[in-house]
Each structure stands twice: as structure tokens, then as C-alpha cells.
Amino acid sequence: MAKYTGKIAPGFAKLLNYQRRDLLHDLVAGLSVAAVALPVGVAYAQLAGFNPVVGLYSSILPLVAYAIFGTSRQLIIGPDAATCALVTAAVAPLAAGDQNLYDSLSVTLTLLAGVLCVGASFLKLGALADFLSKPILVGFLNGIALSIMLGQIGKIFGYPINAGGIVPRLIEFAQKLGLTHLPTLAVGLGTFLVLLVTPRFFRQIPAALVAIILAAVAVRVLGLEGYGIKTVGEVPAGLPAVRIPHFPLSLVPSLFGDAAGLALVTFSSMMLTSRSFASKNRYDVDADREFAALGAANIASALSHGFAVSGADSRTAMSDATGGRTQVTGLVAAGTIAIVLLFFTGPLRYVPIAALGAVLVKAAFSLVDISALRVIYKIDRREFALAILSTLGVVAFGAIQAILTAVALSILRFVRLVSRPKIEVLGKVEGFPGFHSIERHPGAATIPGLMLLRFNSPVVFFNAPYFKREIIAAAELAGPSLKWLVLDMLPITMIDATGLYTAEEVADTLRERGVVLAGAGRQTEWHIWAESRQRATGDRKIQIYPTMHEAIRTFQQAEAAMPKVNGMSQMS
């Protein structure tokens, strides 16, 4: 029973074996996480177009769900900037300004994304996150950051920006600069100042919490509402009621694509955070179980009338920095937020909208990663171009379409790399063991009559024609002196049926030209791959040797045994 529980709910199994010595550390970390989650939750609800209290609803039950089903000790689940931007991009066009419909569709989108995550876990699709490469994620988050900044800048300057898309928003912002409300701008700039200064003097205190508290105190004490400063307003007290969301069935098909994109992005983002902290603290996370945990967290958020959640970088970092050791940290944070909702919502009404906008803009700045772009540019210009395309995709088409396009580009790039791998002629380099590319080592020694060739990929249906074409082309380039062509089998990790047929066709073609095709390495695997084919035909057209040295030795013995004609060996 315990083993079954650990498989379905690994977090719950760990909670059953909780060590009392971790409690103090988790309590301190949980309170610290809640201190960050409170202002950030309110701000992200504002970003996503909800009543501020919804951001707090989204920070309670999801934490409980993840504590039960998750495998990371440090990860904190909650609203994040990229997820909010995705929800807004997906739902706003369908709601057409109807707030009730907007709320209902957002909850539905969150529920669908959660169900898809759970389904993906059962299908073992955790590896999908690996298709979002580092360049794509860097470019995507840079684009999201630009979108968030321009979405909040109007709130800081005190006038609405209604245009959609980054470029139209930028144009509208410039056109309306004359409408700037100076008291609102002063609050926004003052919040920025607090956000910048606080970490320098009080590193253990969350800057966002300090900024929001000071802004709310200023509004209350100085009566800034009388100067036209807009605030959050009344925040209803009490915990969220758990209920099944109601939604128009006709719009569900429109939400499925968006839910799939949301599930993929939130999972990929969560796994980056989860894996990085797991690596730092020397433990492993299970990608498929994490997919299910994220699904459970989103379903819990939807049932409590919240919106989509993911792994929260800043809150996870706070948990780790303040000594959090287990998911009890998340449970303490959830309990603290629940207490605030029950007894301390009154002060939230004084929080100015401009201050929340400043917090979000500052959070967006943390998403921008110029240094990573520089490194990617140095590593591979094509990867850099992919990152820029991801950013431009968010700018031009919106977040959901951009990430789906980026995934498609990633898969195409993967297929391109595998279907057209690098092919290398090998030689012996003095002072280096093994065999190396003669392209990289022009002085490498080769053996007359023998070509050592490396095909850096599995041989499968979509690259088999390329394999055949390139092997024959290499043999033709070697000229009539070529007698043996030996493939390095180590990079060929798999050969499917098409690959086996193609390899035999290559062997037949080379044999007609007086060239023997052989392989070196993966002797056992090759026999397993070729077993059914050999059983059907009785042929053994390609001889596989255990090592490259063994293949060379056999070639040299064959050459030595050949009769000589005018001092040259002759193939019979």
C-alpha cells in the first residue's frame, strides 16, 4: 500500500515520513514564501485581469495539491508572469469585454490545462519539456517580458492602453503621453525606488512586500485616493468556495489548443525551476510525476476559482534561501495566505494599482536574459536566431501561437540534425588514442585501401536515403584504390527496418564495385537488429567486428594474404 501511495502521490508518502528536525526550517521558509506570494499574487491577478483576491485563491489549494503529488522538495507552485500573460492572450479575445465570461473561461482554461497535464503524465510525455530548448525558452521569456512591461506601463503613467500586441501598445503609449497622471506616476516611480533600494539594505526581507506595504500606507495616511490614485479596492474576506466551473460548451473547442499550449509552457517552465533546485540540492525529480502534480495543482486552482499556475521562480528561490527542506514549506505558505484571507484583507484595499504595475514590470525585468543571448550567440548563431525568432513570435503573434511555433521549429531542427548528421572520415592522430576526424586533424594518418567512416546518428526511415547517398559518395571520392569501408557503429544507436534494408543495399552496391562494407562496435546490438532479416534471407552481407582495431587487423591480414601482381595486391 505504501509503495502504491508513493507511486501515485509521492509527496504524500514523504509527508507520512516527515522528520521533526525539518519543521523549524520549513516554518521560517513558509512564512517567507507567503510574504512574497501575497503581493505577487495580488499583482498577477491584476495582470491577468481578475479581482486581486483571485491571485490569493490561486496560491492556496495549488500548493496543497503539489505537496501531495509533487516530487521536488523546494518547488513552490503559484501564479507567474508568463502564465498570466498566456491566460490573458487566450481568453481576452473570446470574452470580448464580458468580465463574467472572462472569469469563467479562465477557470475553464485552467481546468482543461490541468486535465491535459494529468493525461500527459499517464502517457509518459514528460520528455516533451525537452523539446523547449534553452534558446527557445530564453527568447520566449524575453518576449513575454516585453509584453508584460507594455501591458503595465499605462497603469504606472495613469492612463489606459487598449491596443493589443506589443507594437500597437507601444504606439498608443507614445500617443497618450500627454495624458500622464503625475500623482500616479509618482507612486509608480516611488515603488520602483523601493524595489531597487530594499535588497541593498534588507536582503532577507522581500522587496515586493516592502514596496506594496509602503505604497498602501502612503495612500491611507496621505489620502492619495483624493488625488485620483486608483487602488485595488475592497477585497472580499474568506476562503474560496470549491465548485465546478460553469462555462459555455460552444467555446470549449477554441480553448483546447490554448490549453495544450498553456500546459506545455507551464510544465516546461516548472521543470526548469524544479530541475535547477534539485540539482543544487542533490536529488532527482520525476518528470512524469511532475506533469501529474502540475495538473493536480491547476485542477485545484480551477476548483477554487483561481487561474493557471506553474513553478514560481522567485518564491522557490525564497524557499531555498530561507532554509526550506520539504514541501511542508508550501503547506505553511498556503496556511499563512489562508489566514490573511480570513482576517487581514482590509489593508489590501489601499494598495495602489500603479504600485502593482511597478512590481510586475520589475518582475518582467527578471525574465529578460541578455547574458544568455550573448552566450548562445557565441555557441551557435542558428540557436541565437531561434531565440530571436521566439521573441519576435511573441511580439507578432502572441504568446500561445509563438510557443507552439517555437516547439514546431524545435522539432524540425531536431529532425534536421538527426536526418542530416555530420559524416566524418577517421584517421589515427599521433599522441591521441582512438580515431579522429581528418577534417579536424589534417595530419591524421589513414590506411591505403581502407576508409574508416563515422555516421553520427541512428539509421532510421527518414535519414536512410541520406545514409546510402553519403556512404556511396564517400566511396566514390576515395577512388578505385578503396577495398574496405568500415563504419564506426558506436554513434549508430539504432537501426530500424528501413535502415537494415538500406544498409544491405549499400553493401550490395559497394560489393559490385569491389569494396567490402564492414562495421566496428555494437556487435551484439547489430546481430539483434539484423536477426529477423538474416532469418528471412540467410544472408550476412555486412561483417561486424567488436572494435575498430579488430576490423583494421582483419583488413591488413586479408591484404597480406592476397596474391601480388606487379607488386600490388589483387582482389579475387
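Hydrogens, waters and symmetry mates are skipped; everything else that's a heavy atom, side chains included, is used. Model, not experiment: these values are computed from the prediction.
- Between F455 and N463, the closest side-chain pair of non-hydrogen atoms falls below 4.5 Å.
- Taking every heavy atom of both residues into account, G126 and F267 meet most closely at O-CE2, 3.3 Å.
- For H549 and F435, the distance between ring centers is under 6.0 angstrom.
- Listed by chain and residue number, nothing satisfies the side chain to side chain donor-acceptor pair (under 3.5 Å) test with N142 (two or more places apart in sequence, or in another chain).
- Shortest non-hydrogen contact noted between L426 and T446 is O-CG2, 4.0 Å.
- Here the closest heavy-atom approach between residue I76 and residue S319 is recorded as CG1-CB, 4.0 Å.
- To the nearest 0.5 angstrom, R374 atom CZ is 10.5 Å from F384 atom CZ.
- Inter-residue side-chain proximity for Y66 and L75 is flagged as met; some heavy-atom pair is nearer than 4.5 Å.
- Residues passing the salt bridge (charged side-chain N to carboxylate O under 4.0 Å, His left out) test with R325 are D22, sequence neighbours excluded.
- At least one side-chain heavy atom of S254 sits less than 4.5 Å from a side-chain heavy atom of L94.
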Q: Go through the steps for L487 and F467 under the test side chain to side chain contact (heavy atoms under 4.5 Å, CB included), then give the verdict.
A: CA-CA 11 Å; L487 282 172; F467 170 81; 3.7 Å; yes

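- Closest heavy-atom contact between S301 and F307: OG-O, 2.6 Å.
- Between the CD1 atom in I447 and the NZ atom in K483 there is a gap of 13.0 Å [rounded to 0.5 Å].
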(Q) What verdict does the side chain to side chain contact (heavy atoms under 4.5 Å, CB included) test give for T71 and E290, after you've listed the backbone C-alpha separation in whole Å, the side-chain angles of each residue and the deciding distance to 0.1 Å? (A) CA-CA 6 Å; T71 62; E290 288 293 279; 2.8 Å; yes

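- We find the CG-CG distance between L303 and L111 to be 6.5 Å, quoted to the nearest 0.5 Å.
- Put simply, the residue from L453, L450, L452 that forms a side-chain contact (heavy atoms from CB on, under 4.5 Å) with L485 is L453.
- The side chain to side chain donor-acceptor pair (under 3.5 Å) search around K422 returns E439, not counting sequence neighbours.
- For the atom pair I8 CD1 and I68 CD1, the distance stands at 13.5 Å (nearest 0.5 Å).
- D369 and V138 get closest at one heavy-atom pair: O-CG1, 3.9 Å.
- Considering only heavy atoms from C-beta on, N298 comes within 4.5 Å of V309 through its side chain.
- By the 4.5 Å heavy-atom criterion applied to side chains, T266 and M270 are not counted as neighbours.
- V486 is not listed as a side-chain neighbour of Y545, based on a closest heavy-atom distance of 4.5 Å or more.
- Contact detail for A263 and C117: the closest heavy-atom pair is CB-SG, 3.7 Å.
- Counting heavy atoms from C-beta on, the side chains of V516 and L510 never come closer than 4.5 Å.
- Not counting sequence neighbours, the partners of D320 by the salt bridge (charged side-chain N to carboxylate O under 4.0 Å, His left out) test are K280.
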Q | side chain to side chain contact (heavy atoms under 4.5 Å, CB included) assessment of E525 paired with I492 | A | CA-CA 10 Å; E525 289 94 328; I492 303 177; over 6 Å; no

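- Annotation: salt bridge (charged side-chain N to carboxylate O under 4.0 Å, His left out) contacts of R553 (sequence neighbours excluded): E550.
- No more than 12 heavy-atom neighbours from other residues, nucleotides or ligands sit within 6.0 angstrom of CD on E430.
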Q: May I have the step-by-step check of side chain to side chain contact (heavy atoms under 4.5 Å, CB included) for I423 and Y466, ending in yes or no?
A: CA-CA 11 Å; I423 297 176; Y466 175 77; 4.0 Å; yes

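- For residues 446-459, the salt bridge (charged side-chain N to carboxylate O under 4.0 Å, His left out) pairs, not counting sequence neighbours, are E424-R454, R454-D488.
- In F256, the CZ atom is not crowded: 12 or fewer heavy atoms of neighbouring residues, nucleotides or ligands sit closer than 6.0 Å.
- Scanning for salt bridge (charged side-chain N to carboxylate O under 4.0 Å, His left out) contacts around K468 gives E505, with sequence neighbours left out.
- In this structure, N281 CG and Q74 CD are separated by 4.0 Å, a value rounded to the nearest 0.5 Å.
- At most 12 heavy atoms of other shown residues, nucleotides or ligands fall within 6.0 angstrom of atom CZ in F122.
- A search for side chain to side chain donor-acceptor pair (under 3.5 Å) contacts involving Q523 returns nothing, not counting sequence neighbours.
- Evaluation of the side chain to side chain donor-acceptor pair (under 3.5 Å) rule for S310 yields no partner, not counting sequence neighbours.
- Among residues two or more places apart in sequence or in another chain, the side-chain contact (heavy atoms from CB on, under 4.5 Å) test is passed with P93 by none.
- Counting only residues at least two apart or on different chains, no salt bridge (charged side-chain N to carboxylate O under 4.0 Å, His left out) pair has a member in residues 79-91.
- With sequence neighbours excluded, the residues satisfying side-chain contact (heavy atoms from CB on, under 4.5 Å) with A312 are R315.
- Contact annotation: the side chain of V425 approaches that of M451 to within less than 4.5 Å [non-hydrogen atoms, C-beta and beyond].
- With values rounded to the nearest 0.5 angstrom, T110 atom OG1 is found 11.0 Å from I299 atom CD1.
- Annotation: R382, atom CZ; neighbour count of heavy atoms from other residues, nucleotides and ligands within 6.0 Å does not exceed 12.
- Relative to the six-membered ring of Y377, R381 meets both conditions, a distance below 6.0 Å and an angle of at most 45° to the axis.
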